[in-house]
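Data first, discussion second: the structure below is written as structure tokens.
Throughout, protein chains are lettered first and strands after them, A, B, ... in sequence-line order, and every chain is numbered starting at 1. Quick caveat, the model's predicted, so the values are computed rather than measured.
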Amino acid sequence: MHLEPLDPYRWQIPKTGQMRVPGIIYSSEAGINALLRDGSLQQVANVATLPGIVTAAMAMPDIHLGYGFPIGGVAAFDWDTGVISPGGVGYDINCGVRLATTALTEDEVRPHLEPLANRLFQAVPSGVGSTGSVRLSVRDLKQVLTQGSAWAVARGFGQDSDIEYTEENGCLAQADPGVLSDRALERGRNQLGTLGSGNHFLEIGVVEEIFDAHTARVFGLVPGQVTVMLHSGSRGLGYQVCDDHLAAMKKSVAKLGLTLPDRQLACAMIQSEEGQAYLSAMACAANYAWANRQIMLHTARQTFMETLSISPNSLRMNLLYDVCHNIAKKETHQVDGKNQTVCVVRKGATRAFGPGHPDIPDRFRAVGQPILTPGDMGRASYVLCGTDTAMDQTFGSTCHGAGRLLSRKAAKKAGKGRSIQQELAKKGIVVKYTGRFTMTEEMPEAYKDVSEVVGVVHGAGISRMVARLRPMAVVKG
DNA sequence: ATGTAC
């Protein structure tokens, strides 16, 4: 793979062969050298061949190999002439992260950490195939799929302000449950309010360092404050939506009359029956994921109040923000000095809208959108802020986390015979988990250092560092 | 990510 440096944080894959635009990778020099033998750079070049792609196929410093599109990838397609690919969003539709602040300090929570972690682990079902206490008829499920977060709040799982501090207010309007397969609906009926497995987690953390005092104040973050972070998605329902539409598009792709560099890039015109059906189904899965995270936040609030014997006013577990990092969105961006309507595909990438954007809550509009960047279990997570540079360069996008360094298989091998739970306990981090191999697959050394990833997006100017959080207790699937 | 191959 031939790469040309653009500046200290950007590398270009020149437009060659079938590529319609160049590729641009955000990375340090050390990061790019580590990527040279990885197939993910070829995936960036492959995405650049797709019809209607605008400006460049992009990748963030947490890039790694994904299905068709790389994880850590960003691409925008013209709304009228572009394509949509289910692999561009990925299997976990609207996988995302939410962060809640509290009125509690580390000193107040530390003595109760073990029972708190145990009760959260009991209250939030986790693991592959886990089901929750919310059981839905297909009729109720269809309301979840069209209403998202508002459905959960209306049924007592949360407070009104949670909706305001969720990207898109926790609901995509294009959702149409009528396009979902019976199998997708069935898989969604009993999984609401469940964490899932793999990299999904619920984490009690503490604000360890503030980098931008003004923005931190606007976000309501202070040093020593306890936070709750949730990382989860659309569970089996989203998986089934992706699977169903990949199969349909593999059949219809011949209509496009082009040869794809990779069958995993199966796609359809946005303005086609197949394309619109996918976007309607994807919106259902996105709304399901928001309702899912909303219910788990409510469960976390209840569990904190019961375990610590405190009132809502003493807890004040308020949602700072909820971001998606696997999604396609219709957005308007400036391209060559003109407004253009595009479908922005972020796969393992986070929206990072800058100051003044109408789609971010009033409270944050002067500083920019909060961005939540989880790291691995043992190191740190960051809160960042969106910037004008992100609007100019990346369709208002940035990284989504640390990014994998080792494949799951390689991590499992490297961690064989070790107790990652005990290793983390020595660092004062309590971990509760379900899956037999989850801890080794997810151990800290399986991930890049999130601080280095964040250093790149901060250095490149597509996000600004606001605060770093340190993990205290983690619930894993 | 995923009833980790219906």
>> If I take atom CG in residue A/Leu237 and atom C1' in nucleotide B/dT2, what distance separates them, rounded to the nearest angstrom?
In response: 12 Å
> Between A/Phe219 and A/Tyr321, does the ring centre distance come in under 6.0 Å?
Replying inline: no
>> Rounded to whole Å, please give me the gap between OH in A/Tyr288 and P in B/dT2.
In response: 11 Å
>> Counting only heavy atoms not in A/Arg135 (residues, nucleotides, ligands), do more than 12 fall under 6.0 Å from its CZ?
In response: yes
> Over how many whole Å does the gap from A/Asn292 atom CG to B/dT2 atom P extend?
Replying inline: 10 Å
>> If I take atom NE2 in residue A/His231 and atom P in nucleotide B/dT2, what distance separates them, rounded to the nearest angstrom?
In response: 10 Å
>> Working to the nearest 0.5 angstrom, can you tell me the gap between A/Gln302 CD and A/Phe157 CZ?
In response: 10.0 Å
> Which residue lies toward the 5' end of DNA chain B, A/Asp243 or A/Arg408, if each is placed at its nearest nucleotide?
Replying inline: A/Arg408
> A/Tyr447 pairs by side-chain hydrogen bond (donor to acceptor under 3.5 Å, both in side chains) with which of A/Arg379, A/His64, A/Glu442?
Replying inline: A/Glu442
> Starting at CD of A/Glu442 and ending at P of B/dT2, how long is that distance when rounded to a whole Å?
Replying inline: 11 Å
> If you look at every strand shown and take non-hydrogen atoms under 4.0 Å, does A/Gln191 touch a base, only sugar-phosphate, or nothing?
Replying inline: sugar-phosphate
> Would you find more than 12 non-hydrogen atoms of other residues, nucleotides or ligands less than 6.0 Å from A/Lys413 atom NZ?
Replying inline: no
> Can you check whether A/Arg235 has a side-chain N or O nearer than 4.0 Å to OP1 or OP2 of B/dT2?
Replying inline: yes
>> Could you work out, with side chain to side chain donor-acceptor pair (under 3.5 Å) as the rule, every residue matching A/Thr350, not counting sequence neighbours?
In response: none
>> With the threshold set at under 4.0 Å for non-hydrogen atoms, list the residues of residues 125-148 of chain A touching DNA chain B in residue-number order.
In response: A/Val128, A/Gly129
> If you look at every strand shown and take non-hydrogen atoms under 4.0 Å, does A/Gly90 touch a base, only sugar-phosphate, or nothing?
Replying inline: nothing
> In whole angstroms, how far is the C1' atom of B/dT2 from the CD atom of A/Glu186?
Replying inline: 16 Å
> So what does A/Gly233 touch, heavy atoms closer than 4.0 Å: a base, only the sugar-phosphate, or nothing?
Replying inline: nothing
> Which pairs with one or both residues in residues 91-101 of chain A pass salt bridge (Lys or Arg N to Asp or Glu O under 4.0 Å), sequence neighbours excluded?
Replying inline: A/Arg98-A/Asp322
>> Measure CZ/A/Arg183 against C1'/B/dA5 and give the value in whole Å, please.
In response: 11 Å
>> Please confirm whether the shortest side-chain N or O distance from A/Ser197 to OP1 or OP2 of B/dT4 is below 4.0 Å.
In response: no
>> Without decimals, in angstroms, what is the distance between A/Leu246 CG and B/dA5 P?
In response: 16 Å
